[in-house]
Amino acid sequence: MNETLRKKYIPMTETTYYTLLAVMAPRHGYAIMQYVSSLTEGRIVLGTGTLYTMVGRLVADGVIEVALGSEKKTYSITPAGLELLQEETERLGQQLADGVNILSGGA
């Protein structure tokens with residue numbers, strides 16, 4: 001993993017995290033917005049400005065890529081993006097486990 005990418009994206013913003021989850025399958029911008037809204041039950045609603053600014057940054061950093069052969073511009077996660085997503089998911093899982101432990105009367 002590129003240490004520069006790790007420092008830039010870990011910890012990850014919630015919008016970036018859910019966008020990366022959305023592009024585990026190729027999706028165009030509007031489909032990303034719909035997927036994230038559906039997955040979070042409307043808790044996160046991505047605006048077009050936010051989404052396309054973030055997507056541009058993620059493409060420039062090699063975290064996602066423009067998928068070829070589609071009528072609409074679609075995006076897919078890259079191996080580097082998948083590695084970041086997995087690392088962030090593990091970090092969040094540990095954070096959750098620590099919180100559950102403490103709140104249930106643990107150490």
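For the single chain, residues carry numbers from 1 onward in sequence order.
In terms of heavy-atom proximity, Thr78 sits nearest to Ile64 at CG2-C, 3.6 Å. In terms of heavy-atom proximity, Arg91 sits nearest to Ile10 at CD-CG2, 4.0 Å. Across all non-hydrogen atoms, the minimal contact from Ile32 to Tyr75 is CD1-CD1, 4.1 Å. Between Leu84 and Arg6, the shortest heavy-atom distance links the atoms CD2-CA, 4.1 Å. Counting all heavy atoms, side chain and backbone alike, Gly29 lies closest to Leu51 at O-CD2, 3.3 Å.
Counting heavy atoms of neighbouring residues, nucleotides and ligands inside a 6.0 Å radius, atom CD of Glu3 exceeds 12 of them.
By the 4.5 Å side-chain criterion applied to Ile, Leu, Val, Met, Phe, Trp and Tyr, Leu96 is assigned to a cluster that also includes Val100.
Listed by chain and number, the residues in a side-chain contact (heavy atoms from CB on, under 4.5 Å) with Tyr18 are Glu14, Leu21, Val36, Leu39, Thr40, Arg43, Ile44 (sequence neighbours excluded). The salt bridge (charged side-chain N to carboxylate O under 4.0 Å, His left out) test applied to Glu65 returns no partner, not counting sequence neighbours. Remark: Glu90 pairs with no residue by the salt bridge (charged side-chain N to carboxylate O under 4.0 Å, His left out) rule, at least two apart or across chains. Partners of Tyr30 by side-chain hydrogen bond (donor to acceptor under 3.5 Å, both in side chains), not counting sequence neighbours, listed by chain and number: Gln34. When the side-chain hydrogen bond (donor to acceptor under 3.5 Å, both in side chains) test is applied to Thr13, the partners found at least two apart in sequence or on another chain are Thr15, Thr16.
Put simply, the side chain of Lys8 does not reach to within 4.5 Å of the side chain of Thr4, judged on heavy atoms. Counting only heavy atoms from C-beta outward, the side chains of Tyr9 and Glu88 never approach each other to under 4.5 Å. Within the 4.5 Å cutoff, the side chain of Met12 has no heavy atoms near those of the Leu92 side chain. Side-chain contact between Thr19 and Leu46: present, with at least one pair of heavy atoms (C-beta onward) separated by less than 4.5 Å.
Val55 and Val45 fall into different hydrophobic clusters, where Ile, Leu, Val, Met, Phe, Trp and Tyr residues are linked whenever their side-chain heavy atoms come under 4.5 Å apart, directly or through other members.
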